[in-house]
Undergrad: 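This is the structure I want to talk about, given as structure tokens.
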Number of protein chains: 2
Amino acid sequence: MELKELKNLFPDWEEGLYEEVLEAANFHTATAGTTLLKPGQNIRSSMLVVSGTIKLYREDATDGEFFMYYLEPGEACAVTLVCDFHQETSQVLAKAVTDIAYLAIPLSKVDEWLRKYKSWHYFVIRTYRSRYEELLQTIHSIAFKKMDERLEQYLLRQVGRWGTHIKLTHQEIAADLNTSREVISRLLKKMEHDGLILLHRQSIEWVGRKG
Amino acid sequence: MELKELKNLFPDWEEGLYEEVLEAANFHTATAGTTLLKPGQNIRSSMLVVSGTIKLYREDATDGEFFMYYLEPGEACAVTLVCDFHQETSQVLAKAVTDIAYLAIPLSKVDEWLRKYKSWHYFVIRTYRSRYEELLQTIHSIAFKKMDERLEQYLLRQVGRWGTHIKLTHQEIAADLNTSREVISRLLKKMEHDGLILLHRQSIEWVGRKG
DNA sequence: TCTAATCTGTAACAAATGTCACCGGCGAAG
DNA sequence: CTTCGCCGGTGACATTTGTTACAGATTAGA
């Protein structure tokens, strides 16, 4: 992990901070599909994503899991950043969507830098704030939108993230939107009928709105 | 506002912080029903609740408003605490539910103390974190629970907050749960039938589960 | 007192979503 | 090649929630 690369990923930090991070952090890699964080697990370090994409779920014993958000390069996991304030074991599941690389920061350092580096402090707050906004957004969708709108929004985000060729099964989409596979199949079929998408096996192609 | 009272409300702060807060803060009061924060309004100060209860809504131009949470004495509004990092005007509506008293802290001080007082920093983070947890909880309810369960949960929280005599109209409850009055009436009637509550005019009495 | 507004109850219906049953197609493992 | 499991499609139906339309009851105010 090079200094230059780090500065690129996190452009808003102060000078001394980069060096400290490089020194204190452990560089890790993992292959697609790996579970990075299990619910109930004690969190000892925080994650800064270097490359790849991570998916975060909220786990619940009774009702299953709930998709929270993606983590991308240059972002940090808000949950692990502040989870030690009460020694809590956050009920979160993190999975690598692609092959990934990340820096693991010991929580003691996270804490130490808060006082030492203003930019780190802001980074933490900003991370939290943006996640908060995202959650509000999600709530808004669930509370006010119907499934067809949510699905379209979901697909559009996938397109923005990985291009017009969406490699997801109906099952996976249904899981992310907390509904059943049949409902998704139904709505996708309708969207195909409306010329928004093309349905292939294991994948969907976004062709957008005509006119 | 006395030092002793302040220490009581916010027991986890450092010594010098109390004095600074007393000096920098403006003490305000407002009567029940007052709108304390309008969406789009520029936020110049953060609120620390001294007495009474405040209700926070997320405002949206197209789909109306969404009830977020209550603010109680000893708590701070997470939204106003960090809203200036990008000069944003958060889309939030705050209303006094009861007569209230609060301290208004200039945002410059909020920022200054972050670096000066570790306990203040933790206070801010903790505030954010607990709101985050609460949002997750809310999402969970909306995503997984049906209306009857949500209603029961809602009523139970009211009971915990203000006692078994719930002074709310069906209309108000419906607004908080983003549904229609008729649905609430229907479900309440069923709950009465099941012996959970007694319905009066303008109010509901919680009698709990038998056995 | 009379009137208007608000609150609650309810029936009937519409729409959205969840569930069940079953089918055929495809691909991986043997 | 055959079998098995996952993927997608689809129809029928149940359930939940939203909507419309009213009616009676209570309260506030003129």
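Because the structure is a prediction, the values reported are computed rather than measured.
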Undergrad: Tell me the interatomic distance from B:I197, atom CD1, to C:dT8, atom C1', rounded to whole angstroms.
TA: 13 Å

Undergrad: Between A:E182 (CD) and D:dC7 (C1'), how many Å, whole number?
TA: 12 Å

Undergrad: Could you tell me whether the side chain of A:V110 reaches within less than 4.5 Å of the side chain of A:W120, counting heavy atoms only?
TA: yes

Undergrad: For B:L187 and B:R181, take the nucleotide of DNA chain D holding the closest heavy atom to each; which residue's nucleotide lies nearer the 5' end?
TA: B:L187

Undergrad: Quick one: A:I184 CD1 to D:dT10 P, roughly how many Å, whole number?
TA: 15 Å

Undergrad: Look up atom CG in A:L107 and atom CG in A:L81, then write down how far apart they are to the nearest 0.5 Å.
TA: 8.5 Å

Undergrad: Can you tell which of D:dT17, D:dG9, C:dT19 lies closest to the side chain of A:H170?
TA: D:dG9

Undergrad: Using a 4.0 Å heavy-atom cut-off, does A:L199 contact any base of the nucleic acid, only the sugar-phosphate backbone, or nothing at all?
TA: sugar-phosphate

Undergrad: Under 6.0 Å from the six-membered ring centre of B:Y69 and within 45° of its axis: does the NZ or CZ of B:R131 meet both?
TA: yes

Undergrad: Regarding D:dG11, can its base be found pairing with the side chain of A:R186 as donor and acceptor, where the two atoms are less than 3.5 Å apart?
TA: no

Undergrad: Quick one: A:M147 CE to C:dT17 P, roughly how many Å, whole number?
TA: 6 Å

Undergrad: With a non-hydrogen cut-off below 4.0 angstrom, is A:S180 in contact with a base, only sugar-phosphate, or nothing?
TA: base

Undergrad: In whole Å, I'd like the distance from the CD atom of B:E149 to the P atom of D:dT16.
TA: 11 Å

Undergrad: In terms of heavy-atom contacts, does NZ of A:K190 have more than 12 from other residues, nucleotides or ligands at under 6.0 Å?
TA: no

Undergrad: Is any side-chain nitrogen or oxygen of A:H200 closer than 4.0 Å to OP1 or OP2 of D:dC7?
TA: no

Undergrad: As a test of reading the structure: which of D:dG9, C:dC26, C:dT10 is closest to the side chain of B:S185, going by heavy atoms?
TA: C:dT10

Undergrad: For B:R201 and C:dC7, what is the distance between atoms CZ and C1' respectively, to the nearest whole Å?
TA: 4 Å

Undergrad: Rounded to the Å, how far apart are A:E192 CD and D:dT10 C1'?
TA: 14 Å

Undergrad: Can you check the B:L177 CG to D:dT17 C1' distance for me, whole Å?
TA: 13 Å

Undergrad: When you measure from the side chain of A:V183, which nucleotide among C:dG18, C:dG25, C:dC7 comes out closest?
TA: C:dG18

Undergrad: Ignoring backbone atoms, test whether B:T169 places a side-chain nitrogen or oxygen under 4.0 Å from the OP1 or OP2 oxygen of C:dT6.
TA: no

Undergrad: Do B:R181 and B:S185 have side-chain atoms, one donor and one acceptor, less than 3.5 Å apart?
TA: yes

